[in-house]
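Keep in mind the model is a prediction, meaning the values are calculated, not measured. Atom set for the values below is all heavy atoms of this structure, side chains included, hydrogens, waters and symmetry mates excluded. Convention: sequence-line order gives letters A, B, ...; per-chain numbering from 1.
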Number of protein chains: 2
Amino acid sequence: MKESVTGCSIEEAMRLLGGCWRLLLVSYLVDGPKRFNALRRDVPHISQRMLTLDLRALEEAGLVARTVYPEVPVKVEYALTADGQRLLPVVAVMKEFGLWLKGRLE
Amino acid sequence: MKESVTGCSIEEAMRLLGGCWRLLLVSYLVDGPKRFNALRRDVPHISQRMLTLDLRALEEAGLVARTVYPEVPVKVEYALTADGQRLLPVVAVMKEFGLWLKGRLE
DNA sequence: CAGTATCCCCAGAGATACTG
DNA sequence: CAGTATCTCTGGGGATACTG
C-alpha cells in the first residue's frame, strides 16, 4: 500500500502502526521511559536503523517524546506522550489477540 | 521483519495483521458475508492479487471462511469464522484510534 | 465471477562502518 | 551512548493478461 486515498480510519491507523515493530515498541514504553539501547535489548531482532526510523515516525506523529539529556555520554529517553496513551487500548487488544493466536497452536 | 524469533504475542499478531489491508478487509466482513468483488469495491485500491493473497492468509489462519456456491457464474462468499470474531475488538479499537488520528489533523 | 499466471520494479529493510 | 551514512538486496506488491 502506498498512500491513503480513501482516508478510511483503519487504513490511517494501520499505515502508522503497520510494520511489525512500532506497536511492539510502544508496548515496551507503557511502563515508563526507556533509553535507546534498552529498547534494542527489548527487541533484539530490530536493526538499529529500523529502531531509529520507527521511533522517529512515532515521534513525528506526536505519540512518543524524545528527551535528550546532555550528559557525557549522551542519554536519550523515549516516552509515550499523552496522545501516545491512546495506543494503550490498541496494544492491550493486540496482545490479547496475539496470546490467543499462540495458544491456539497447541 | 522476516520471522518471529521472540515469539512475542504482539509480534505474532502483527505478523498476521501486518500490511494495511487485512484488518481493513475484516472490518468489511463484520456485517456479514461478502463476495469477492464486493470486497474489491469496498477497498478500491487493493490489487486483485493482494486481495486474494490476504483473504487466503486470513482463511489459512482460520479467521475467515470461504464458501463456494457452484452456480453459474460461480459465487464465492467470505465470512468471519467464530475465531475470526476475536478480531472484532481489534477492529473496533483500531478504528477508534484511526478516527482520533484523522480528527487531530484539523 | 473469481480468481491464476507472469513479469517487473522499487521502497523497505539488513549489514556494516563511522561519529558527535 | 545514540545515533548517521552507505551500500546492497530481496521480496512485497503493482499491472496486465488469461481462464474455469
Side-chain angles (χ1 to χ4, degrees), chain A residues 1-6 8 10-11 14-25 28-29 32-61 64-79, chain B residues 1-6 8 10-11 13-25 28-29 32-61 64-80:
Chain A
M1 189 161 73
K2 325 187 77 108
E3 44 186 288
S4 173
V5 193
T6 65
C8 164
I10 291 188
E11 219 175 313
M14 288 307 287
R15 183 184 335 288
L16 181 55
L17 302 178
C20 307
W21 303 119
R22 296 188 186 173
L23 255 194
L24 198 59
L25 289 175
Y28 284 113
L29 290 176
K34 284 218 174 169
R35 304 181 60 171
F36 188 82
N37 279 340
L39 287 170
R40 283 186 77 180
R41 258 169 265 123
D42 286 335
V43 192
H45 288 87
I46 195 173
S47 66
Q48 198 168 15
R49 171 189 153 85
M50 277 304 103
L51 180 53
T52 303
L53 290 179
D54 284 341
L55 285 171
R56 289 287 184 283
L58 291 169
E59 191 190 352
E60 191 175 5
V64 162
R66 179 172 177 271
T67 312
V68 181
Y69 299 91
E71 312 170 354
V72 178
V74 190
K75 173 178 167 184
V76 178
E77 272 189 348
Y78 294 90
Chain B
M1 192 161 72
K2 322 185 79 106
E3 43 187 289
S4 173
V5 192
T6 65
C8 166
I10 292 188
E11 219 176 313
M14 289 305 287
R15 184 181 335 286
L16 181 56
L17 303 177
C20 306
W21 302 118
R22 297 187 185 173
L23 255 193
L24 198 59
L25 289 175
Y28 283 114
L29 290 177
K34 285 216 173 170
R35 303 181 60 171
F36 188 83
N37 279 340
L39 286 169
R40 284 187 76 180
R41 260 169 265 121
D42 287 333
V43 191
H45 287 87
I46 196 173
S47 64
Q48 198 168 14
R49 170 189 155 85
M50 278 302 102
L51 180 52
T52 303
L53 291 180
D54 284 341
L55 285 172
R56 288 290 184 282
L58 291 169
E59 191 190 352
E60 191 174 5
V64 163
R66 178 171 177 271
T67 311
V68 181
Y69 299 91
E71 312 170 352
V72 178
V74 192
K75 173 180 168 185
V76 178
E77 272 189 346
Y78 293 89
L80 289 183

- Message: Can you tell me which nucleotide in C:dT4, C:dG14, C:dA2 comes closest to the side chain of A:M50?
- Response: C:dG14

- Considering residues at least two apart in sequence or located in another chain, which fulfil the side-chain hydrogen bond (donor to acceptor under 3.5 Å, both in side chains) criterion with B:R66? B:Y78

- Query: For atom CD of A:E71, is the number of surrounding heavy atoms from other residues, nucleotides or ligands below 6.0 Å larger than 12?
  - Reply: yes

- Would one find a side-chain N or O of B:Y78 under 4.0 angstrom from OP1 or OP2 of C:dG3? yes

- Message: Expressed as a whole number of angstroms, how long is the span from B:L25:CG to D:dG13:P?
- Response: 12 Å

- Task: Scan A:R40 against the nucleic acid and name what it touches under 4.0 Å (heavy atoms): base, sugar-phosphate only, or nothing.
- Result: nothing

- Does A:D54 or B:A38 map to a spot on DNA chain C nearer the 5' end, using the closest nucleotide for each? B:A38

- To 10°, what angle do the rotation axes through the five end pairs on each side of the helix from C:dC1-D:dG20 to C:dG20-D:dC1 form? 60°

- Note on the structure: A:P73 has its side chain closest, among C:dA2, D:dC1, D:dG3, to D:dC1

Output a table of nitrogen or oxygen pairs between the protein and nucleotides 15-20 of chain D separated by less than 3.5 Å.
none

- Query: Roughly how many Å is it from CG in A:L51 to C1' in C:dG12, rounded to a whole number?
  - Reply: 16 Å

- Item | Those residues that, when tested against B:R49, pass side-chain contact (heavy atoms from CB on, under 4.5 Å) (two or more places apart) | B:S47, B:L53

- Any residue meeting side-chain hydrogen bond (donor to acceptor under 3.5 Å, both in side chains) with A:E77, in chain and number order, not counting sequence neighbours: A:Y69

